[in-house]
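Written below as structure tokens is the structure these notes are about.
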Protein chains: 2
Amino acid sequence: MEQLSRVAGTVRPGGRTARVRAAVLQATQDELVEHGFHGLTMDQVAAAAGVGKTTVYRRWGSPAGLVTDLMTELADQSSPHADTGSIEGDLRANALAVCEAVNDGRLGATFQAMIAAATCDEQAANALRAFYRRRVEEWAGAVELAVERGELPKGTDAMEVIRAVSAPLYYRLVVTREPVTPEVAERSVQRTLAAARAGAFIA
Amino acid sequence: MEQLSRVAGTVRPGGRTARVRAAVLQATQDELVEHGFHGLTMDQVAAAAGVGKTTVYRRWGSPAGLVTDLMTELADQSSPHADTGSIEGDLRANALAVCEAVNDGRLGATFQAMIAAATCDEQAANALRAFYRRRVEEWAGAVELAVERGELPKGTDAMEVIRAVSAPLYYRLVVTREPVTPEVAERSVQRTLAAARAGAFIA
DNA sequence: AACTTAACGGGATTGGTGTCCCGTTAGTTG
DNA sequence: CAACTAACGGGACACCAATCCCGTTAAGTT
């Protein structure tokens, strides 16, 4: 899809192009909330955004392309890790952040759409990987600080700890499709912590 | 979808109907391997199965319906838990089974399709939940035996332990789309075990 | 073996998605 | 501020999935 390369490095990035993109991404999110990824049609997005259908096809090519662009937009918004002073507090903050995000109507629909898009489009899959890589890297800092403070053993794989906290939440969200509650988040934190303290995350 | 209720409790379940169903499910799996869930068209399935297109629409209604029926078929095939004598061996057997399943061309494609179908169809989501509930229940027995043997503390939530072992694997498969290797499986086993031994799975 | 009817199959029809063509709009440049 | 052209927009068109109609096949019944 070299349509997306155009999105990234537009030849003429001035006012109108940017306005159109903003309107289209906004409309995409609205449609995702209402109909989900599978119900996302280029036609409706164009109409909702008040732009020509041709334009949407030209620049994004497919529903997956729309979601991919939305994803890169979200990826650019940094979410720095919490610093509550203890690794337990930091991991809890992370787990609750995921919990709130997937339960929020707007963000939750977008997250699910991102995952659905990744199952049918390689570009979307790459964007999703990049998105989570960045998120995990940002939060890994909290684990590294904990190691320095002596809360966790030396050699603990920081990124794996962060992944381990959210894995059960996404497992419920995507695979078993059970509710992702704060209680589930807390249990995930405690289990991950127990394993980490026991040295199970040493590379 | 009362089409599916017909599949389950067919009025005339004799030879032809069963033959058609077998041929269609077979063709569905073939198509999934080749094109994935999003490339699954009723038309091609009908052609590959050598049955009328009308029949496929009548009985299954949509690609999601096809995958849902395939899922119930797989759910009926029991996969009794291993009994290696130690909880570590049993959990390892479970993790490796998941690992092999998702990496197997045929089964892996079906698993991914099941998850994709669940994201866009409520019936499929229910079938997926039922599928995993059954699988988890069967393997929970291994954990209960381990508790009786004294390998894990009393009160350990058996089903949660099984879920915890596979969560990181599915997380990689669906969310970050990284390879699911035997090494990843082993790490998941060790971390889950460490947490379980520390009592983090006591309800 | 004759009868009934559930289930299947072929072919026509339709509705909507995705593409194409070409005129218009509005950033950009000098 | 005038010329240039990237990007947009409307409308026509092609194509394919999904539905419908109705005749045919074969499972189940007596």
Side-chain angles (χ1 to χ4, degrees), chain A residues 1-28 31-32 35-69 117 120-121 123, chain B residues 1-28 31-32 34-69 116-117 120-121 123:
Chain A
M1 307 271 156
E2 46 92 32
Q3 276 121 345
L4 286 173
S5 62
R6 272 202 242 163
V7 172
T10 316
V11 177
R12 187 179 281 189
R16 184 167 62 166
T17 297
R19 272 199 310 278
V20 165
R21 176 163 181 253
V24 168
L25 292 189
Q26 176 74 33
T28 299
E31 292 294 312
L32 283 180
H35 306 104
F37 177 69
H38 60 284
L40 191 69
T41 75
M42 306 296 271
D43 228 327
Q44 285 177 321
V45 168
V51 304
K53 172 173 76 153
T54 313
T55 299
V56 180
Y57 276 106
R58 234 193 324 253
R59 286 185 60 183
W60 291 276
S62 69
L66 285 169
V67 174
T68 302
D69 199 20
C120 69
D121 184 277
Q123 287 277 331
Chain B
M1 310 259 159
E2 46 93 30
Q3 278 120 343
L4 285 172
S5 63
R6 272 201 242 163
V7 172
T10 315
V11 177
R12 189 178 278 189
R16 184 169 60 167
T17 297
R19 271 199 309 279
V20 166
R21 176 163 182 253
V24 167
L25 291 188
Q26 177 73 33
T28 298
E31 292 294 313
L32 282 180
E34 197 151 342
H35 306 105
F37 176 68
H38 301 277
L40 190 68
T41 75
M42 305 296 272
D43 228 328
Q44 284 176 321
V45 168
V51 304
K53 172 173 74 154
T54 313
T55 300
V56 180
Y57 276 106
R58 230 191 328 253
R59 285 184 61 183
W60 290 276
S62 69
L66 286 169
V67 174
T68 303
D69 199 20
C120 70
D121 183 278
Q123 289 275 331

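With hydrogens and angles left out, the side chain of Lys53(B) and the base of dA18(D) share a donor-acceptor pair within 3.5 Å. With hydrogens and angles ignored, a donor-acceptor pair under 3.5 angstrom links the side chain of Thr54(B) to the base of dG10(C).
The interatomic distance linking Arg21(A) (CZ) with dA6(D) (P) rounds to 21 Å, in whole Å. Here the C1' atom of nucleotide dG9(C) and the CZ atom of Arg59(B) are 14 Å apart, to the nearest Å. The distance between atom CG of Asp43(A) and atom P of dG15(C), rounded to the nearest whole Å, is 16 Å. Taking atom CG on Leu40(B) and atom P on dA17(D), their separation rounds to 11 Å, with Å as the unit. Arg16(A) has its CZ atom 11 Å from the P atom of dT28(C), to the nearest Å. Arg58(B) places its CZ atom 15 Å from the P atom of dT25(D), with the value rounded to the nearest Å. Here dG18(C) presents its C1' atom at 15 Å from CD of Gln44(A), a figure rounded to the nearest Å.
Looking at Phe37(A) and Cys120(B), their side chains never come closer than 4.5 Å, going by heavy atoms from C-beta outward.
Nearest nucleotide to the side chain of Thr55(B), out of dT17(C), dC8(C), dG27(C): dC8(C). The listed nucleotides are dA18(D), dC8(C), dG18(C); the one nearest the side chain of Tyr57(A) is dG18(C). Considering only side-chain atoms of Met42(B), the nucleotide from dA7(D), dG10(C), dA18(D) that sits closest is dA18(D).
A close approach under 4.0 Å does occur between a side-chain nitrogen or oxygen of Arg19(B) and OP1 or OP2 of dA27(D).
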**side chain to side chain contact (heavy atoms under 4.5 Å, CB included) evaluation trace for Val20(B) with Arg59(B)** = CA-CA 10 Å; Val20(B) 166; Arg59(B) 285 184 61 183; 3.9 Å; yes
**Request:** Determine, stepwise, if the pair Arg21(B) / Asp69(B) fulfils salt bridge (Lys or Arg N to Asp or Glu O under 4.0 Å).
**Result:** CA-CA 9 Å; Arg21(B) 176 163 182 253; Asp69(B) 199 20; 2.9 Å; yes
Please table the atom pairs, donor to acceptor, closer than 3.5 Å between any side-chain atom in residues 39-56 of chain B and protein atoms at least two apart or in another chain.
residue	atom	partner	partner atom	Å
Thr41(B)	OG1	Gln44(B)	N	3.1
Thr41(B)	OG1	Gln44(B)	OE1	3.3

